[in-house]
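Values below: every heavy atom of this structure, side chains too, minus hydrogens, waters and symmetry copies. Chain letters run A, B, ... following the sequence lines, proteins first, then strands; residues in each count from 1.
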2 protein chains.
Amino acid sequence: MELLDAEGIDALSMRKLATRLASGATSIYWYVESKDQLLELVMDAVYGEVAVPVDGSWRKAAEAFAAGLRKAVFHHPWLVSLVGALPAIGPNAMTASERLVGAFKKAGFEGWSLDYAVAAITSYALGAAIPSAAWQNAHRKQGRSIQETVAQMAPTIHFVSADYPNLSEMVDRYYGGETDVEQIQQRSFYFGLNALLDGLEACLP
Amino acid sequence: MELLDAEGIDALSMRKLATRLASGATSIYWYVESKDQLLELVMDAVYGEVAVPVDGSWRKAAEAFAAGLRKAVFHHPWLVSLVGALPAIGPNAMTASERLVGAFKKAGFEGWSLDYAVAAITSYALGAAIPSAAWQNAHRKQGRSIQETVAQMAPTIHFVSADYPNLSEMVDRYYGGETDVEQIQQRSFYFGLNALLDGLEACLP
DNA sequence: TACTGTGCTCGTACATTGTGCGAGGGTATT
DNA sequence: AATACCCTCGCACAATGTACGAGCACAGTA
């Protein structure tokens with residue numbers, strides 16, 4: 001994971017990992033069946049970073065899950081390249097889901113509504129993490145800081161959105177103030193999350 | 001895209017693509033700078049399949065966008081491996097966003113709320129597409145049909161969820177009836193989408 | 001002490017990958 | 001006839017995932 005965080009997922013090779021571990025390249029295959037399986041394990045390790053409380057309201061549980069996933073993806077932006085391509089059935093992912101389901105069940109969700117409500121939250125959490133990861137990936141690909149990347153991409157962004165008046169207006173809003181990408185994304189994240197939670201709350205008896 | 005649909009993203013190599021095009025492997029590089037750029041173009045081609053109507057309510061626009069993306073990912077499950085890793089600034093993606101923003105703006109969203117509301121919908125749409133793509137990827141990796149894949153994975157799924165009572169309950173519900181994965185996912189998708197739209201509607205003046 | 005098995009490491013090897021380079025050929029313009 | 005451009009492609013190289021099997025250390029048994 002240190003290697004992945006530092007160099008991204010394209011840069012991870014079994015040989016590099018081996019030298020990092022001061023071992024032979026193929027020794028890894030004693031512990032792991034394939035690179036894919038290794039990545040599955042890594043993915044579940046990341047899920048281990050999202051902590052869902054066992055007590056507390058269903059809204060708190062959902063918030064903890066979604067925010068935890070968001071933070072995890074922020075620190076490990078390569079995760080989004082794995083989600084959807086590899087099954088997420090590790091113990092950490094399972095525990096998080098289990099607790100989330102438990103909280104929703106205790107709140108009164110039942111039957112298919114329970115499944116659907118949980119799926120809605122996970123979908124939103126995953127989806128919201130993607131743009132965040134995209135920015136991280138972009139600015140890590142060059143060695144620059146976020147501010148520098150934002151500044152550097154400004155002309156390109158203005159150029160490609162020039163033909164789209166609504167998008168241009170959005171872009172201007174982004175580049176109007178201090179352009180703290182992370183803060184904007186955080187606000188955006190909680191705005192949508194609260195909307196979704198409000199909508200789900202209306203389904204409760 | 002035919003190659004990607006048939007064999008998945010791991011199986012796409014420049015050489016295979018070249019033989020499919022009855023050309024030399026490196027001839028492709030006359031038209032395309034790198035494989036990554038090729039994938040960017042392919043990604044935008046998929047965005048071309050999601051049609052957002054210019055007229056109609058903001059809810060209809062959001063539904064069309066989300067459902068379109070869902071359908072596109074269903075047919076091209078390899079897309080999720082690209083989203084978040086590659087920038088989505090092609091003309092088709094831009095047009096879809098532009099129209100979505102337009103519809104929301106006409107409905108009364110403005111300022112940051114406009115951006116956030118649109119971001120919420122796209123996040124949900126992307127996130128909801130991921131599990132769907134995961135199933136597709138899984139069942140395409142083996143040559144089997146969906147039903148066969150579902151049946152074949154049943155023991156594994158029961159096994160890994162055995163220690164999690166809430167998840168077991170969910171799994172039982174899934175495997176209780178006819179287990180039409182696609183239909184369940186569709187219902188789940190619209191359930192969450194409507195909840196989110198309801199929540200967003202409450203933000204309107 | 002000798003032998004056997006088991007857990008683990010690693011060098012070698014191979015097929016496959018993305019892609020840089022430069023030599024070719026076809027067509028249009030001068 | 002010569003030059004310029006558009007386009008194709010064979011070759012080559014470094015890097016990749018991983019199968020294979022030879023080697024080690026150490027445990028238990030004879």
Side-chain angles (χ1 to χ4, degrees), chain A residues 1-46 76-90 133-134 137-143, chain B residues 1-46 76-90 133-134 137-143:
Chain A
M1 281 181 58
E2 286 169 16
L3 255 177
L4 281 168
D5 291 344
E7 315 212 28
I9 201 169
D10 290 338
L12 179 76
S13 74
M14 298 305 261
R15 278 171 248 257
K16 271 189 200 164
L17 174 58
T19 44
R20 179 62 124 79
L21 297 169
S23 83
T26 54
S27 302
I28 304 171
Y29 287 89
W30 181 257
Y31 302 92
V32 151
E33 216 169 47
S34 65
K35 192 185 183 184
D36 274 2
Q37 195 191 79
L38 177 80
L39 291 175
E40 281 181 37
L41 293 172
V42 169
M43 196 166 69
D44 197 60
V46 176
H76 315 295
W78 37 266
L79 185 75
V80 296
S81 305
L82 266 34
V83 176
L86 263 35
I89 51 173
N137 283 325
H139 106 260
R140 286 186 194 197
K141 202 159 282 184
Q142 318 146 3
Chain B
M1 280 181 60
E2 286 169 16
L3 255 176
L4 282 168
D5 291 344
E7 315 212 29
I9 200 167
D10 291 337
L12 180 76
S13 75
M14 298 306 261
R15 278 171 248 255
K16 271 189 200 163
L17 174 59
T19 44
R20 180 63 126 80
L21 297 169
S23 82
T26 53
S27 301
I28 305 171
Y29 286 89
W30 181 258
Y31 302 92
V32 150
E33 217 169 46
S34 65
K35 191 186 184 185
D36 273 3
Q37 194 191 78
L38 177 79
L39 291 175
E40 280 181 38
L41 293 172
V42 168
M43 195 166 70
D44 197 60
V46 176
H76 315 295
W78 38 265
L79 186 75
V80 295
S81 305
L82 265 35
V83 175
L86 264 35
I89 52 173
N137 282 326
H139 107 259
R140 285 186 195 197
K141 202 159 281 182
Q142 318 147 3

Not counting sequence neighbours, which residues clear side chain to side chain donor-acceptor pair (under 3.5 Å) with A:Arg20? List them please. A:Glu2
Between the side chain of A:Gln37 and the main-chain N/O of A:Glu33, is any donor-acceptor distance below 3.5 Å? yes
Between atom CH2 of A:Trp78 and atom CD of A:Glu7, what is the distance when rounded to the nearest 0.5 Å? 13.5 Å
Take the protein atom NZ of A:Lys16 and the nucleotide atom C1' of D:dT18, then report the distance between them rounded to whole Å. 18 Å
Which residues, if any, of residues 24-31 of chain A bring a heavy atom under 4.0 Å of DNA chain C? A:Gly24, A:Thr26, A:Ser27, A:Trp30, A:Tyr31
Quick check on contacts: within residues 78-88 of chain B, what sits under 4.0 Å from DNA chain C by heavy-atom distance? none
Does any non-hydrogen side-chain atom of A:Leu38 lie less than 4.5 Å from one of A:Leu17? yes
Checking the side chain of A:Lys35 only, and the main-chain atoms of A:Leu12 only, is there a donor and an acceptor separated by less than 3.5 Å? yes
If you walk 5' to 3' along DNA chain C, what is the first nucleotide with an atom under 4.0 Å of a heavy atom in chain B, and what is the last? C:dT17 to C:dG20
Distance in angstrom units between B:Leu21 CG and D:dC7 P, rounded: 15 Å
Length of the line joining B:Lys35:NZ and D:dA15:P, which is rounded to integer Å: 18 Å
For B:Ile89, is there any backbone N or O sitting under 3.5 Å from a side-chain donor or acceptor partner on B:Asp44? no
Closest heavy-atom pair and its distance - A:Lys141, B:Ala85: NZ-O, 4.3 Å
Give one of base, sugar-phosphate or nothing for B:Leu38, where a contact means two heavy atoms less than 4.0 Å apart. nothing
Any donor and acceptor pair, going by atom type alone, linking the side chain of A:Asp36 with main-chain N or O of A:Leu86 inside 3.5 Å? no
Roughly, in whole Å, what's the span from CD1 in A:Ile9 to P in D:dG17? 11 Å
Separation between CG (A:Asn137) and CD1 (A:Ile9), nearest 0.5 Å, reads 9.0 Å
Any donor-acceptor pair under 3.5 Å linking the side chain of A:Ser23 with the backbone of A:Thr19? no
Mind calculating the distance between CE (B:Met14) and P (D:dT8) to the nearest angstrom? 13 Å
For B:Glu33 and B:Ala11, find the nucleotide of DNA chain C closest to each by heavy atoms; which residue's nucleotide sits nearer the 5' end? B:Ala11
Over all heavy atoms of both residues, which pair between B:Pro87 and B:Met43 is shortest? Give the atoms and the distance, please. O-CE, 3.3 Å
With a 4.5 Å cut-off on side-chain heavy atoms, are A:Val83 and B:Val80 touching? no
Over its full length, what angle do the end axes of the helix from C:dT1-D:dA30 to C:dT29-D:dA2 make, each axis taken from five pairs and the result rounded to 10 degrees? 20°
Under the side chain to side chain donor-acceptor pair (under 3.5 Å) test, residues paired with A:His76 that sit two or more places apart: A:Asp5, A:Glu49
